[in-house]
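We name chains A, B, ... by the order of the sequence lines, and we start the count at 1 in each one.
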2 protein chains.
Amino acid sequence: MALEHAILVSLLERPGSGYELARRFERSIGRFWTATHQQIYRVLKRMEADGWVTAEEIGQEGRPDKRSFSVAPAGRSALVGWLRAPVQPEAVRHELAVKIRGAAFDDAAGRAALVAEVERYRATHEETLARYLAGERRDFPGPAAPDAAAALQHVVLRGGIAYERMVLAWLDDVLATLRTLDH
Amino acid sequence: MALEHAILVSLLERPGSGYELARRFERSIGRFWTATHQQIYRVLKRMEADGWVTAEEIGQEGRPDKRSFSVAPAGRSALVGWLRAPVQPEAVRHELAVKIRGAAFDDAAGRAALVAEVERYRATHEETLARYLAGERRDFPGPAAPDAAAALQHVVLRGGIAYERMVLAWLDDVLATLRTLDH
DNA sequence: TCGACCATGTAACCGGTTACATGATTCG
DNA sequence: CGAATCATGTAACCGGTTACATGGTCGA
């Protein structure tokens with residue numbers, strides 16, 4: 001249960017509305033923690049009630065009003081407390097790996113369909129990698145990051161890039177293995 | 001929702017009781033799909049009611065009886081149907097990445113504690129990699145896998161190994177970055 | 001005018017986690 | 001004699017997903 005903490009980090013990096021948070025979760029934060037806007041609004045409401053965040057009403061012309069959230073002192077100390085707690089081991093859920101082992105119990109036609117599906121899946125990871133690399137060129141062009149927040153954002157992005165490269169290499173291995181079965 | 005399917009794959013590879021399944025989820029299957037015994041018993045009950053699996057009562061001397069489950073034809077066709085459906089994109093949940101970005105909002109003492117925590121975390125991944133490599137030497141010593149099921153199990157294991165190596169390299173990057181901040 | 005985007009929510013459901021429970025055997 | 005392992009569950013809770021809802025603006 002760390003959606004609260006992911007939201008706190010994002011709001012400390014820059015205050016914003018629930019909608020803006022949802023968009024950040026689609027982009028940068030979503031690399032390592034996913035959340036839908038419904039979930040974000042619900043958690044934000046609880047965090048506001050607990051005094052972790054405060055909202056500022058911003059009237060906009062030609063746009064619906066938005067409520068911009070900032071982290072309150074209580075939220076900041078809740079985050080620091082969590083930061084210093086032990087890291088929980090990740091719960092892995094990799095559907096494709098289940099399908100690959102399951103392919104042993106399908107016929108050649110089914111395996112051919114899986115090859116096509118893995119190729120499609122591989123293309124989405126190729127796109128993700130390209131997006132990360134473009135983001136890296138845009139946000140971290142210099143030799144070293146200027147401040148702590150940027151340096152840490154960069155190392156997390158490098159983790160995403162390393163993950164995507166690993167997945168692509170593994171998917172090539174998977175495709176070669178699947179193709180060998182029905183040569 | 002694919003715990004059913006992970007169970008079907010495991011039971012097709014070898015029939016077994018709920019307890020045995022739970023142990024397999026701790027070991028091999030747990031690499032890419034985690035489940036507790038409570039969850040497994042619940043799902044198994046539903047699968048039995050749906051006719052996806054059948055149970056055989058096995059009386060054991062000096063041990064409680066066990067119910068060994070096998071995949072029924074309906075379960076097999078349910079699995080094949082699922083195998084041919086598109087792969088859902090993975091939902092990533094990486095708590096450590098949230099903490100690393102959060103470290104920008106803690107002080108030097110907090111970051112030092114995080115360094116120690118990352119080192120501990122790194123050691124657990126080192127152990128996991130060693131376990132995978134030992135399993136690979138034990139189960140796949142030859143040059144090529146004899147049958148489809150083994151070849152596919154091996155490629156999934158290679159994925160686990162590649163993942164662990166990537167994580168270890170990234171954690172070294174993280175540690176170097178954290179140490180640079182407070183030089 | 002129609003689709004895309006801005007902006008914020010409610011409600012129902014379901015799967016996963018945590019806590020609790022039982023009872024036998026084997027081994028040090 | 002106590003800890004670990006075998007073996008199977010129930011119950012409560014909570015977080016995440018899916019579906020539904022509203023209403024305005026901007027650009028093609």
Side-chain angles (χ1 to χ4, degrees), chain A residues 1-8 11 15-27 29-30 32-50 52-53 55-69 82 88-95 98, chain B residues 1-8 11 15-27 29-30 32-50 52-53 55-69 82 88-95 98:
Chain A
M1 190 204 53
L3 177 56
E4 283 90 333
H5 306 109
I7 288 175
L8 286 171
L11 289 179
S17 68
Y19 185 83
E20 282 164 354
L21 278 172
R23 275 183 34 206
R24 289 185 216 170
F25 271 82
E26 275 172 26
R27 303 198 213 295
I29 321 268
F32 47 90
W33 206 273
T34 55
T36 59
H37 76 275
Q38 291 93 330
Q39 211 183 334
I40 289 167
Y41 282 117
R42 189 168 52 178
V43 171
L44 228 28
K45 188 193 268 186
R46 185 172 65 223
M47 290 168 78
E48 195 183 6
D50 292 346
W52 287 19
V53 296
E56 189 195 354
E57 218 79 26
I58 297 183
Q60 297 185 125
E61 286 177 41
R63 283 284 157 75
D65 289 1
K66 66 176 177 182
R67 309 187 64 220
S68 185
F69 291 92
W82 175 78
Q88 300 296 117
E90 316 105 274
V92 183
R93 292 277 150 86
H94 201 84
E95 193 187 81
V98 181
Chain B
M1 194 204 50
L3 177 55
E4 283 90 334
H5 306 109
I7 289 175
L8 287 171
L11 288 179
S17 69
Y19 186 82
E20 283 164 353
L21 277 172
R23 276 183 33 206
R24 289 185 216 169
F25 270 83
E26 275 171 24
R27 303 197 213 295
I29 320 266
F32 47 90
W33 207 272
T34 55
T36 59
H37 78 275
Q38 292 91 332
Q39 211 183 333
I40 289 168
Y41 281 117
R42 190 169 50 177
V43 171
L44 228 29
K45 187 192 271 186
R46 186 171 64 224
M47 290 168 77
E48 196 183 5
D50 292 346
W52 287 19
V53 295
E56 188 197 357
E57 217 80 26
I58 298 183
Q60 298 185 124
E61 286 177 39
R63 281 284 155 76
D65 290 0
K66 66 175 178 182
R67 310 188 64 221
S68 187
F69 292 92
W82 175 76
Q88 300 295 115
E90 316 105 273
V92 183
R93 290 279 150 85
H94 201 87
E95 193 187 82
V98 181

- prompt: Whole-Å distance between D:dT17 C1' and A:Trp33 CH2?
  reply: 16 Å
message: Below the 4.0 Å mark, does D:dT8 have OP1 or OP2 next to a side-chain nitrogen or oxygen of B:Ser17?
response: yes
field: Nearest-nucleotide 5' precedence on DNA chain D, A:His37 against B:Arg93
entry: B:Arg93
- request: Find the distance B:Gln39:CD to D:dG15:P and express it as a whole number of Å.
  value: 17 Å
Nearest atoms (heavy-atom pairs only) where B:Ala55 meets B:Arg67: CB-NH2, 3.2 Å
message: On the nucleotide D:dT8, are OP1 or OP2 found under 4.0 Å from the side-chain N or O atoms that B:Tyr41 carries?
response: yes
message: Any N or O donor-acceptor pair under 3.5 Å from the base of D:dG16 to the side chain of A:Arg42?
response: yes
field: Side chain proximity check, B:Phe32 to A:Arg93, heavy atoms < 4.5 angstrom
entry: no
- prompt: Using a cut-off of 4.0 Å on non-hydrogen atoms, how would the nucleic acid contact of A:Thr34 be classed: base, sugar-phosphate, or nothing?
  reply: nothing
task: Take the protein atom CD of B:Gln88 and the nucleotide atom C1' of D:dT17, then report the distance between them rounded to whole Å.
output: 12 Å
query: To 10°, what angle do the rotation axes through the five end pairs on each side of the helix from C:dT1-D:dA28 to C:dG28-D:dC1 form?
result: 40°
- request: Starting at atom CD of A:Glu57, determine the distance to atom C1' of C:dT8, rounded to an integer number of angstrom.
  value: 11 Å
- prompt: Taking atom P of D:dT5 as reference, at what distance in whole Å does atom CZ of B:Arg23 sit?
  reply: 10 Å
message: Can you tell me if B:Lys45 touches the phosphate of D:dT10, counting only side-chain N or O atoms and a distance under 4.0 Å to OP1 or OP2?
response: yes
field: Contact under 4.0 Å: B:Tyr19 side-chain N or O vs D:dC6 OP1/OP2
entry: yes
Protein-nucleotide distance (A:Met47, atom CE; D:dG15, atom C1'), rounded to Å: 15 Å
query: What's the CZ-P distance between A:Arg46 and C:dT10, to the nearest Å?
result: 14 Å
query: Hey, does A:Glu20 reach any base, or is it just sugar-phosphate, or nothing, if we go heavy atoms under 4.0 Å?
result: nothing
- request: State, with a plain yes or no, whether a side-chain heavy atom of B:Trp52 is found less than 4.5 Å away from one of B:Val43.
  value: no
task: Find the distance between CG (B:Leu21) and CD (B:Gln39) and round it off to the nearest 0.5 Å.
output: 12.0 Å
field: Between P of D:dT8 and CD of B:Gln38, the distance in whole Å
entry: 13 Å
message: For the CG atom of B:Asp50 and the NZ atom of B:Lys45, what is their distance to the nearest 0.5 Å?
response: 13.0 Å
message: Can you classify the ring geometry of A:Trp82 versus A:His5 as parallel (below 30°), tilted (30 to 60°) or perpendicular (above 60°)?
response: parallel
- line: Closest heavy-atom pair, A:Gly18 versus A:Ile40, reported as atoms and distance to 0.1 Å, is O-CG2, 4.0 Å
